[in-house]
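Comments concern the structure below.
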Amino acid sequence: MQKQAAKKNERVEEVFDLFLKHMQEFLKEAKLNHEEYTNFVKWADRLGQAGELPLFADVFLETHVLQAMYTKMPGTQPSLLGPYFIEGSPYIEKEPGKPHVLTQRPNEPGEVLYFSGNVSNTAGKPLANTRVEMWQNDNSAKYSAFDSDAPRYNLRGHFYTDENGDFTVKTIVPVPYSIPTEGPTGEFLNYLDQHSMRPAHLHIMFEAEGHDTLITQVFFEGDKWLESDVAEGVREELVTKLEDKGDHKKASLNFVMRPK
């Protein structure tokens with residue numbers, strides 16, 4: 001049987017033509033020689049073989065894509081999805097009058113954190129029943145399902161805002177961490193003489209009917225890596241304060257979603 005020809009994708013052609021146009025301009029400005037180009041191709045091949053392409057794109061490219069798309073738009077600024085998101089997180093139920101509790105091990109190491117927020121849209125309407133997905137690293141700076149021996153969905157889960165668009169979740173305070181440096185990504189950092197650290201942060205994804213999905217992060221005042229985040233994912237409006245309440249920390253931030 002004759003194989004059916006693939007249907008032409010005009011959008012792919014349009015984007016590729018633009019890529020070539022600007023790549024030619026870049027090559028003229030950078031004055032790359034053939035040896036440098038060949039070294040880049042070999043390095044990119046190692047990046048792919050090491051499975052680090054998503055990591056490299058998330059850390060060094062995604063933030064610039066997001067800034068180009070959203071900086072001048074209303075609503076909360078997005079930040080990186082990052083390479084540590086996984087599908088299928090558990091639904092977190094809660095007892096009346098108590099916060100949601102992010103999935104965790106018994107006596108999970110780390111400082112207890114109560115994080116609260118409100119979700120509304122750009123018209124100021126509270127968004128009830130918004131799906132809130134959270135994930136973060138543990139007190140050893142590792143993410144479950146990747147470089148940790150914790151259960152697959154440790155410190156991961158999803159829940160929904162109440163009738164006023166509010167939520168509170170009990171978790172632990174995240175910690176700063178280094179992106180992987182053993183492979184081609186680390187080699188690239190060495191070329192730049194660049195550190196590999198990210199400030200402590202919570203990952204949050206919001207989904208509400210009739211609104212664009214908001215993927216963002218929450219950072220904390222006083223973190224030494226805020227101004228030099230290797231991924232450049234920090235946005236001023238995403239930085240909040242950790243309040244010391246004795247036996248736990250408390251923090252809050254409100255979020256504004258864009259209607260479709």
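Computed over heavy atoms, backbone and side chain alike; hydrogens, waters and symmetry mates excluded.
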Just so I know, are the side chains of [X] and [Y] near enough to count as touching, which here means a heavy-atom distance under 4.5 Å?
| X | Y | result |
| --- | --- | --- |
| T130 | M257 | yes |
| D147 | K142 | yes |
| T240 | F219 | no |
| F115 | L253 | yes |
| N137 | R198 | no |
| L238 | T76 | yes |
| T122 | P259 | yes |
| L80 | T63 | yes |

Heavy-atom count check: over 12 atoms from other residues, nucleotides or ligands less than 6.0 Å from [X] [atom1]?
| X | atom1 | value |
| --- | --- | --- |
| E25 | CD | yes |
| E209 | CD | no |
| Y91 | OH | yes |
| K94 | NZ | yes |

Per side chain to side chain contact (heavy atoms under 4.5 Å, CB included), F255 is matched among T216, L127, V132, N118 by T216
Whether [X] side chain and [Y] backbone form a donor-acceptor pair below 3.5 Å:
| X | Y | result |
| --- | --- | --- |
| N164 | D166 | no |
| E237 | Q77 | yes |
| R258 | P74 | yes |
| Q104 | L102 | yes |
| S144 | R152 | yes |
| E108 | R105 | yes |
| R131 | N129 | no |
| E13 | K8 | no |
| E62 | L81 | yes |
| H248 | K170 | no |

If two hydrophobic side chains count as joined below 4.5 Å and joins carry through other members, does [X] share a cluster with [Y]?
| X | Y | value |
| --- | --- | --- |
| V218 | F167 | yes |
| V41 | L47 | yes |
| F19 | F26 | yes |
| L202 | I179 | no |
| M205 | Y153 | yes |

If I compare all heavy atoms of [X] with all of [Y], which pair ends up nearest, and what's the gap?
| X | Y | value |
| --- | --- | --- |
| A200 | D223 | N-OD2, 2.9 Å |
| P199 | V234 | CG-CG2, 3.9 Å |
| A251 | L242 | CB-CD2, 4.1 Å |

One should read off an interatomic distance between T171 OG1 and K249 NZ, to the nearest 0.5 angstrom, of 13.5 Å
dist K31:NZ -> E36:CD (nearest 0.5 Å) comes out at 12.0 Å
**Message:** Could you go through N9 and F16, starting from their C-alpha distance and side-chain angles, then the distance that decides it, and tell me whether this counts as side chain to side chain contact (heavy atoms under 4.5 Å, CB included)?
**Reply:** CA-CA 11 Å; N9 189 314; F16 184 66; over 6 Å; no
Check the pair H201, Y177 against ring-ring contact (aromatic ring centres under 6.0 Å, His included), reporting the backbone distance first and the verdict last.
CA-CA 10 Å; H201 55 273; Y177 67 92; 5.6 Å; yes
Please tabulate, for side-chain N and O atoms in residues 180-192, each donor-acceptor pair with protein atoms closer than 3.5 Å (sequence neighbours left out).
from: T185; atom 1: OG1; to: E52; atom 2: OE1; distance (Å): 2.6
from: E187; atom 1: OE1; to: R46; atom 2: NH2; distance (Å): 2.9
from: E187; atom 1: OE2; to: R46; atom 2: NH2; distance (Å): 2.7
from: E187; atom 1: OE2; to: Y191; atom 2: OH; distance (Å): 2.7
from: N190; atom 1: ND2; to: G186; atom 2: O; distance (Å): 3.4

Can you list the steps and then say if S196 with S178 is a side-chain hydrogen bond (donor to acceptor under 3.5 Å, both in side chains)? CA-CA 5 Å; S196 60; S178 169; 2.6 Å; yes
Discussion item. Taking the ring centre of each residue, are Y160 and H100 less than 6.0 Å apart?
Written reply: no
**OP:** Indicate the ring-plane relationship of F146 and Y84, choosing parallel, tilted or perpendicular according to the 30° and 60° boundaries.
**Re:** perpendicular
Side chain to side chain contact (heavy atoms under 4.5 Å, CB included) evaluation trace for I86 with Y143:
CA-CA 10 Å; I86 59 173; Y143 283 84; over 6 Å; no
Any chance you could lay out the side chain to side chain contact (heavy atoms under 4.5 Å, CB included) test for D138 and S148, step after step, and finish with the verdict?
CA-CA 9 Å; D138 63 22; S148 170; 3.6 Å; yes
Report task. List the steps, then state whether side chain to side chain contact (heavy atoms under 4.5 Å, CB included) holds for K245 with Y114. Result -> CA-CA 10 Å; K245 297 298 182 180; Y114 286 83; over 6 Å; no
